[in-house]
Each structure stands twice: as structure tokens, then as C-alpha cells.
Amino acid sequence: MSFYEVAGLSRQTVGASSHACGGQRKKSVSCGSGVMPRNGSDSRVMCWNGSGHGSMAWNGGWNHRSMPGVVRAQSSNTNGGGDGYAPLRVFAPLREASAALASSLSDLSLNINGDEKVSIRSIQGPVEQDMGVCRKNLVDVVGKRHPLLRTAADQIFSAGGKRLRPLIVLLVARATYRMHGLEDLTERHRRLAEITEMIHTASLVHDDVLDECDTRRGKRTVNSIYGSRVAVLVGDFLFAQSSWFLANLDNLEVIKLISQVIADFADGEISQAASLFDASVTLDKYLEKSFYKTASLIAASCRGAAVFSDCTEEEKLAMYEYGKHLGLAFQVVDDILDFTQSSEKLGKPQGQDLASGNLTAPVLFALQNPTTGPRLLTLIESRFKKEGSLQEALDLVAAGEGIDQARKLARDEADVALAQLEMLPDSDAKASMVKMVDYVLERLY
């Protein structure tokens with residue numbers, strides 16, 4: 001049975017409306033709460049005309065359950081040559097999902113025999129051999145060039161990670177490559193999967209240095225074993241090597257997509273550091289930070305895989321949206337688990353985000369509760385200096401329905417991700433992309 005059946009939940013209907021723009025139609029989706037103003041500022045939406053060039057429209061609305069999607073102006077040239085891709089970064093404040101796609105969500109529901117949860121092994125089925133090559137290449141990237149860093153590389157790439165990001169890239173590649181006549185995946189598909197994991201891993205290594213983390217996934221971090229100097233060098237090397245591989249993909253659209261991700265990481269870290277213990281942070285700002293820190297890489301790499309499959313603009317955008325909303329659901333679930341899982345399962349102390357002042361979705365929702373909000377605000381402002389104050393805050397987040405509301409937010413994002421898969425032909429890879437959504441949500445239970 002699917003996650004929704006296990007949890008006794010029904011998929012929420014996602015309403016859609018369309019507005020004419022630049023000779024095409026742009027779809028907006030509301031999730032029950034309507035379209036909210038974004039602090040009175042304008043938001044820019046990219047629409048596409050018949051020639052394939054982007055036209056700009058201004059929209060002052062902002063859906064509080066939507067994340068800015070990154071869309072770039074693109075010409076009909078898809079081979080990466082010339083200057084067909086304008087360096088334009090535009091925030092699309094409304095979800096790109098149609099009513100037709102949303103209404104078909106039930107058809108994408110995953111059925112599992114018995115009450116067993118989705119396993120990574122079952123998801124990997126269509127790309128198991130591809131993943132094996134990817135894992136080997138990742139270790140060799142560091143070890144062959146710098147033997148002194150080989151031990152650190154083994155520590156990084158064998159630390160219990162599931163390699164979800166390259167897995168997602170390879171699944172998108174397998175689900176799309178036959179749509180436009182390719183006989184098999186290209187080397188660029190596979191290299192993109194490796195680049196994605198290298199960038200993600202580099203960001204984790206640097207995060208552990210910044211946060212002074214001693215453990216990750218239940219194992220000691222590179223900086224705790226070898227020191228911050230080696231950890232920073234390893235992270236820098238992975239970023240540099242991924243940039244070199246990226247340049248050699250020889251596709252300007254993908255180069256710009258993935259290059260922006262690295263800037264997004266920095267934006268996310270700066271945004272988080274600037275808002276520690278700031279109880280005035282809105283849900284919009286939280287989602288924006290989550291996009292930068294997590295969803296941006298997944299979205300860009302999914303679109304990149306579609307680019308290398310010679311997909312149409314509509315298909316590439318759908319893959320981008322799948323990755324974006326899957327990434328947002330993943331981050332929200334991660335933030336929930338910080339409150340609900342034991343330290344042993346988390347691989348870090350429970351409530352560490354809250355203790356460090358990083359206010360995530362469960363906290364923001366609990367702050368809105370009139371019963372628990374005032375006391376929780378007082379504890380946050382005190383920075384948990386009194387003994388027992390952190391545990392009290394954790395209890396208030398649960399009592400104030402913060403965790404329940406965050407679960408609903410994760411389901412909303414997951415539904416939009418699933419809606420994007422309707423345009424794909426049936427295949428084992430598509431089935432695994434559906435399973436991936438269920439896997440992300442099932443971590444909650």
C-alpha cells in the first residue's frame with residue numbers, strides 16, 4: 001500500500017488557474033490558503049512564447065505553500081553552444097502544476113505488498129548497475145588524484161549515505177532517454193549524477209566544519225577525525241573537481257543550472273546564519289532557505305538529466321518541478337525528524353536544530369498556536385540557557401501541533417512532485433520515481 005494508505009490519508013486536491021502570458025499560458029496552483037502577498041514586493045514570472053524565448057511578467061502574488069522556481073530564458077538551441085541561454089534568474093512564485101495533473105495523482109499511488117515500507121533497494125532496481133559505477137567513480141575521484149586524501153574520501157563516501165541525489169538523476173535519465181530516440185544513457189547523464197553527489201558531499205563536509213559536528217549518519221565526520229583543515233581542503237577539492245567535470249559536459253544550459261546551485265548553497269547558509277533565534281522568520285523565508293540548501297540541487301540536476309535526454313522545454317520544466325518539490329518535502333521531513341527520532345537514529349543529538357537557533361517548520365507552526373506560541377517564544381528568546389528549557393521547547397512544539405502541520409506541508413510538496421510525472425511514459429524508472437516520493441514521506445512513520 002502507499003504511504004497515503006498506510007497513514008490513512010487522502011491526497012489533497014490542488015486547484016489550478018491559468019493566466020495568459022507571452023502567447024502561452026502559465027498555470028498557478030493554490031493549496032487552500034489562497035495566494036498571499038510577498039511583503040508587498042513584486043515577483044517575477046517567466047513565461048514562454050512560441051519562439052522559445054522567455055518573456056517577463058510581473059505578479060504581486062505569493063503562494064505561501066509554493067517555492068520560487070528557477071527558470072532561465074532559453075533559445076531553441078539545446079546543444080549548449082553559442083549564447084542561447086541568457087543568465088536570467090527568475091523566481092516563479094506559483095506552482096507549475098495543472099488541474100489535470102493533480103487530478104491524476106491517485107493513478108500514481110504506489111502499491112506495496114503488505115505493510116512493508118519502500119526500500120532504497122527496490123527504488124534502485126532500474127539503475128542498480130549505473131549506481132555501482134557511480135559509487136566507484138566517486139571514491140576514485142579523490143583517491144587517484146590525491147592519495148593522501150583517499151582515507152578521507154573513504155570516510156565520506158562510505159558513511160552510510162544512500163546516494164539519493166545521483167539515484168534521482170539516474171532515474172530521471174532512465175525515465176526520459178527513450179522519449180526522443182536515444183538508445184541508452186549517455187556518459188553525460190552518468191557524469192551529471194556523479195557531479196551532483198560531489199557537490200552535495202562537499203557542502204556536507206563544509207557544513208560539518210561550520211557546525212562543529214562530530215558525527216553524521218552515526219559515524220564520525222571528517223573534521224572530527226582529521227581536523228578542520230583537512231575537511232575544508234576535501235570540500236574545496238570536491239567543489240573544484242565537480243566544476244571541472246561540469247565544464248566538460250559541454251552544455252551551457254546545464255553548466256549554468258548547476259553553477260547556480262553552488263551560489264544557492266551559500267545563500268542558504270547566509271540566510272540561516274542571519275536568522276538564528278529569530279522568531280519573526282516566516283514560513284516563506286523558511287521555504288526559500290530550504291530551496292537554496294536542499295531543493296535547488298535536486299531540481300537543477302533533474303532538469304539537467306532531461307536536457308541530456310533531448311527533452312522538450314515542457315518536459316524539462318516538469319522534471320525541474322519534480323526535483324524541486326521532492327527536495328522541499330525531503331527537507332521538511334528532515335526537519336520533523338529532528339524532533340521525532342532518537343539521537344541514535346538521527347546520528348546527532350535530538351533537537352539540535354532548535355538548540356542552535358535554526359527555527360524550522362515545526363517550530364514556526366507551533367509559534368502560531370495561541371496556546372503554546374507565547375511560552376515557546378519566551379524560551380527561544382532566552383536561547384535555552386536554563387536547564388530543561390530545551391526539552392520544554394521540544395514538548396511545546398509537539399503540543400502546539402507543529403509537527404502535524406509540518407507533516408501536512410511535506411505532503412503538499414510531495415503531491416506537487418508526483419503531479420509532474422504524469423507526462424512520462426510508463427517504465428520501471430518512472431515507477432521508482434513514484435516510490436521515491438513515498439520513501440521520503442514514509443520516513444515520518
Side-chain angles (χ1 to χ4, degrees), residues 1-6 11 101 104-135 161-180 182-186 189-190 192-194 196-197 200 294-295 297-309 311 315-316 318-330 333 410-411 413-445:
M1 60 183 66
S2 72
F3 158 81
Y4 299 92
E5 293 167 325
V6 170
R11 301 184 186 278
L101 292 180
S104 67
L105 283 172
S106 59
D107 296 332
L108 294 173
S109 179
L110 172 66
N111 290 316
I112 309 172
N113 293 329
D115 292 330
E116 294 181 2
K117 291 187 177 182
V118 182
S119 69
I120 286 295
R121 186 179 182 87
S122 69
I123 296 173
Q124 284 184 349
V127 294
E128 187 172 3
Q129 290 184 346
D130 300 317
M131 285 295 294
V133 173
C134 179
R135 281 189 291 267
K162 298 179 177 67
R163 308 287 169 260
L164 294 183
R165 287 154 187 82
L167 174 57
I168 293 168
V169 172
L170 291 169
L171 287 174
V172 172
R174 285 286 174 194
T176 58
Y177 79 95
R178 289 181 177 173
M179 294 172 68
H180 297 280
L182 294 181
E183 295 183 359
D184 199 355
L185 299 194
T186 67
H189 281 121
R190 294 185 173 89
L192 177 62
E194 294 164 12
T196 300
E197 183 65 7
H200 169 63
T294 302
L297 176 60
I298 300 174
S301 57
C302 284
R303 182 179 173 106
V307 169
F308 292 139
S309 295
C311 288
E315 292 159 354
K316 289 187 289 187
M319 294 303 95
Y320 181 92
E321 291 293 305
Y322 170 81
K324 180 179 77 173
H325 292 287
L326 178 65
L328 287 173
F330 188 93
V333 170
R411 289 195 296 271
E413 297 297 341
D415 279 347
V416 179
L418 276 177
Q420 311 308 313
L421 302 182
E422 176 66 16
M423 68 170 55
L424 296 179
D426 290 339
S427 67
D428 290 341
K430 176 182 176 179
S432 282
M433 291 173 71
V434 175
K435 289 181 181 180
M436 181 63 76
V437 177
D438 275 344
Y439 170 79
V440 168
L441 293 178
E442 284 179 355
R443 295 189 305 147
L444 290 170
Y445 296 92

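On a predicted model such as this, the values are computed, not experimentally measured, just so you know. In what follows, residues are counted from 1 in the order of the sequence shown. The analysis underlying the following values was restricted to heavy atoms, covering all of them including side chains, and did not include hydrogens, waters or symmetry mates.
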Shortest non-hydrogen separation from [X] to [Y] and the atoms involved:
X	Y	value
A306	K316	CB-CG, 3.8 Å
G323	C302	CA-SG, 3.9 Å
G327	I298	CA-CD1, 3.8 Å
A193	P166	O-CB, 3.4 Å
A175	S427	CA-OG, 4.2 Å
L182	F308	CD1-O, 3.5 Å

What's the separation between atom [atom1] in [X] and atom [atom2] in [Y], rounded to the nearest 0.5 Å?
X	Y	atom1	atom2	result
I168	L326	CD1	CG	5.0 Å
L171	D130	CG	CG	9.0 Å
L424	M319	CG	CE	4.0 Å
K430	T176	NZ	OG1	12.5 Å
H200	T294	NE2	OG1	8.5 Å
M436	S122	CE	OG	9.5 Å

For the residue pair [X] and [Y], establish whether any side-chain heavy-atom pair is separated by less than 4.5 Å.
X	Y	answer
V307	H189	no
L164	V440	no
E413	F330	no
M423	M179	no
V437	Y322	yes
S309	Y177	yes

Under 3.5 Å, side chain of [X] to main-chain N/O of [Y], donor-acceptor pair present?
X	Y	answer
Q124	M131	no
S301	L297	yes
R411	L441	no

| request: Give the intermediate values and the outcome of side-chain hydrogen bond (donor to acceptor under 3.5 Å, both in side chains) for residues H325 and Q420. | output: CA-CA 10 Å; H325 292 287; Q420 311 308 313; 5.8 Å; no

| request: Considering only NZ, NE, NH1 and NH2 on the basic side and carboxylate oxygens on the acidic side, decide whether D184 and R174 come within less than 4.0 Å. | output: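 Salt bridge present between D184 and R174.
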
